[in-house]
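Each remark here refers to the structure printed beneath this line.
Computed from a predicted structure; not experimentally measured. Start at 1 and go down the list; that is how both ligands and their atoms are numbered.
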Amino acid sequence: MSETAKTLTPRLVKKLWLAFIVLVLLMGVSYITITGYFANMHHQETTQRLNAEVASHVIDEKFTNASPFLEDGSVNKPLFGDLMHDMMAVNRGIEVYLLDDKGSILYSVVLNPDDKDAKKSISLGPIQSFIADEGKNFILGDDPRNPEEQKIFSAAPYSVDGHNGFVYIVLAGEKFQEVSSTLLGQYFAKLGLGAFVLTMLFTVLIGLIAIWFLTKNLRLITGTVRRFNDGDLSARIENPEDSDISIFANSFNEMADTIVDNMDKMQSVDLLRRELIANVSHDLRTPLAILKGYVETLQMKRETLSEDEKQEYLQITHSNIDKLSKLINQLFEYSKLEAEQVVPVKEPFSITELSYDLIAKFKVLAQQKQIELEIENPQENSMVFADVSLVERALQNLIENAIKYTEPKGKVTLALQKKGKNIEINITDTGTGIPVNEQPFIFDRYKQVDESAKKQGSGLGLAIVKKIMELHDTTITVLSKPKEGSSFIFNLPAYQQG
Ligand code: ADP
């Protein structure tokens with residue numbers, strides 16, 4: 001865990017750096033390519049605009065002074081050759097062609113008659129468009145010397161001695177191309193180098209800041225995880241919602257809370273177990289010691305004891321054996337419930353009938369203590385859906401307690417009442433009541449600290465009741481006032497017949 005935490009940040013930073021550099025390089029290359037393309041276009045368009053009228057000048061100036069055609073209709077090559085040489089001497093980037101009205105090349109000094117690849121005619125489409133919009137729009141036309149390329153040009157129509165055609169001037173001829181590509185290469189190299197150095201500088205700067213910000217939260221989380229790992233259980237990520245990785249931050253905080261909760265639970269369960277063992281050994285030891293004492297007395301003083309005394313001692317022995325066996329049974333029952341070994345077998349049964357049976361069972365005990373024991377609201381036969389033997393056990397413990405903690409002339413009632421989809425069962429007595437500060441703990445066997453109460457019973461009865469309630473997904477409530485009495489109330493789901 002700590003190893004992962006240690007290596008997490010540097011590895012992530014490395015990846016971020018790599019991604020950043022690749023991104024910047026890609027952007028740089030795209031930037032240079034786009035800039036180069038547009039710079040080139042801009043240059044070509046400027047050149048074309050600037051030289052748009054070159055072709056018509058040639059016609060205006062030269063064709064009026066002398067005809068470029070001889071009497072026999074052939075091209076006046078000396079005249080036209082001079083003209084072309086003059087022009088190309090002034091502007092070395094241009095190449096001049098004389099075309100007929102179909103676009104076929106009549107003459108050009110730049111064309112070598114042996115050049116088989118050279119184009120013999122030029123498409124008229126671009127030329128006509130050029131002439132139509134007077135060279136105001138950027139347009140590319142054929143380059144006879146490089147048939148696969150399109151070039152900027154200037155063109156003008158002529159009509160001399162019955163000959164019609166065009167003067168066609170490639171403005172970015174081979175010479176232009178040569179110079180341009182050398183310069184462009186240098187320009188690209190300079191631009192590339194400049195852009196690279198600058199972008200690298202900015203990359204490092206922005207990268208450092210960006211990665212610092214990006215990993216800030218991660219560092220915070222890693223630090224907190226490490227602190228938690230090192231034993232600081234209170235370590236939590238502050239303001240997890242504000243974090244860029246809030247899901248992670250929240251999950252960590254929740255996980256840490258769960259771990260701490262579970263640890264607390266385990267600690268308290270462990271503490272309670274230890275208390276239980278201490279209590280149980282105390283509970284078992286007392287009746288055993290009493291038993292031992294009386295049995296020893298009976299053994300040693302068998303001769304001197306009167307028959308009545310013997311009878312009394314045997315009676316005490318008997319009741320302590322009863323206590324012991326009851327305690328052991330309850331312990332066994334409770335530990336089975338706590339270990340979740342008891343699976344409730346729920347079925348419909350009449351809680352009214354069960355209550356009558358129990359009242360009948362405890363009638364004698366109640367009479368002995370001069371306590372009135374009765375059922376309230378027994379009008380209808382209430383059916384519930386629950387585990388009959390577990391419910392019987394719970395009711396038995398509650399009635400037993402009610403009788404046990406009620407003085408003679410008191411009253412214990414078991415009331416059944418339909419409440420919505422449930423049947424409410426209420427066992428009320430007019431007994432001693434339970435001090436308010438003890439009420440929250442009476443269902444908790446381990447917490448029982450009242451020594452006087454313990455003397456009267458095992459302290460397991462209500463803990464068993466509580467477990468039974470849990471198995472039925474219900475709870476039990478106690479309402480009690482010292483010296484006035486107590487009510488124990490719980491609900492069971494009513495069984496809907498039909
Ligand atoms: P015990 O065997 O001691 O009765 P229980 O778990 O049944 O154990 O009860 C726990 C404690 O709750 C008792 O010791 C007693 O102090 C209190 N208690 C339970 N029922 C009543 C009641 N009906 N009236 C007064 N106190 C009661």
Side-chain angles (χ1 to χ4, degrees), residues 272 275-276 278-287 290 319-338 355 358-359 361-362 365-366 368-376 390-415 424-471 475-490:
L272 296 178
E275 273 181 38
L276 174 69
N279 284 349
V280 166
S281 17
H282 177 266
D283 289 352
L284 291 173
R285 216 179 297 133
T286 318
I290 298 170
S319 79
N320 273 289
I321 288 173
D322 271 355
K323 245 190 211 169
L324 258 181
S325 91
K326 191 180 168 197
L327 180 61
I328 289 165
N329 280 340
Q330 276 189 328
L331 261 176
F332 186 61
E333 201 175 341
Y334 179 75
S335 60
K336 265 199 342 197
L337 281 164
E338 199 187 40
S355 305
L358 285 169
I359 296 292
K361 188 172 161 188
F362 283 101
L365 186 70
Q368 278 171 4
K369 278 195 79 178
Q370 299 173 17
I371 290 170
E372 202 181 322
L373 176 65
E374 62 176 35
I375 289 204
E376 214 174 80
L390 288 177
V391 172
E392 181 176 4
R393 189 79 188 96
L395 281 174
Q396 213 170 304
N397 285 2
L398 292 170
I399 298 170
E400 220 170 55
N401 276 351
I403 296 173
K404 186 159 56 176
Y405 298 107
T406 302
E407 302 297 322
K409 307 250 169 355
K411 186 175 178 186
V412 172
T413 42
L414 197 163
E424 186 189 86
I425 297 126
N426 184 336
I427 295 107
T428 302
D429 64 57
T430 55
T432 55
I434 304 158
V436 180
N437 58 341
E438 270 185 37
Q439 285 178 19
F441 308 116
I442 51 165
F443 294 99
D444 218 333
R445 151 73 195 172
Y446 314 118
K447 302 255 172 160
Q448 207 175 36
V449 280
D450 183 356
E451 287 297 319
S452 62
K454 236 194 244 174
K455 269 175 212 148
Q456 302 192 47
S458 65
L460 274 169
L462 288 183
I464 290 172
V465 171
K466 188 183 165 195
K467 288 277 170 205
I468 292 174
M469 294 303 134
E470 281 168 13
L471 285 177
T475 47
I476 181 159
T477 335
V478 60
L479 302 174
S480 182
K481 263 194 185 167
K483 298 203 174 71
E484 283 185 24
S486 321
S487 287
F488 287 83
I489 305 155
F490 67 96

- [ ] Quick one: pull up CD1 in I371 and OG1 in T430 and give me the separation to the nearest 0.5 Å.
- [x] 7.5 Å
Task: Residue from L462, V465, I427, L460 passing side-chain contact (heavy atoms from CB on, under 4.5 Å) with N397 - done: V465
TODO: Would you mind running through ligand 1 and noting each atom that sits below 4.0 Å from a heavy atom of D429?
DONE: 22 (C), 23 (N), 24 (N)
TODO: With heavy atoms of L462 as the reference, note each atom of ligand 1 found under 4.0 Å away.
DONE: 5 (P), 6 (O), 7 (O), 9 (O), 10 (C), 12 (O), 19 (C)
TODO: Run the contact test for S486 against ligand 1 with a 4.0 Å cut-off on heavy atoms, strictly below, and give the result.
DONE: yes
TODO: For T432, counting its heavy atoms only, list the atoms of ligand 1 lying under 4.0 Å from any of them.
DONE: 25 (C)
Open item on the list: I'd like the name of whichever of V465, I434, N397 reaches closest to atom 25 (C) of ligand 1 through any heavy atom.
Closed with: I434
Open item on the list: Ignoring hydrogens, what is the shortest heavy-atom contact between S486 and G433? Give both atom names and the distance.
Closed with: OG-CA, 3.5 Å
Open item on the list: Please list, in number order, the atoms of ligand 1 under 4.0 Å from a heavy atom of I442.
Closed with: 10 (C), 12 (O)
Task: For A402, the ligand 1 atoms whose distance to one of its heavy atoms is below 4.0 Å - done: 23 (N)
Task: Proximal atoms of ligand 1 relative to K404 (non-hydrogen, under 4.0 Å) - done: 1 (P), 2 (O), 4 (O)
- [ ] Could you check if a side-chain atom of L395 sits within less than 4.5 angstrom of a side-chain atom of E392, using non-hydrogen atoms only?
- [x] no
Open item on the list: Can you list everything that forms a side-chain contact (heavy atoms from CB on, under 4.5 Å) with L284? Sequence neighbours excluded, please.
Closed with: V280, L324, L327, I328
Task: Which residues share a side-chain contact (heavy atoms from CB on, under 4.5 Å) with T432, sequence neighbours left out - done: Y405, E407
Open item on the list: To check you understand the geometry: which heavy-atom pair defines the closest contact between F490 and T475, and what is its length?
Closed with: CB-O, 3.5 Å
Open item on the list: Test of understanding: given a 4.0 Å heavy-atom threshold, classify the contact between F488 and ligand 1 as side chain, backbone, both, or neither.
Closed with: side chain
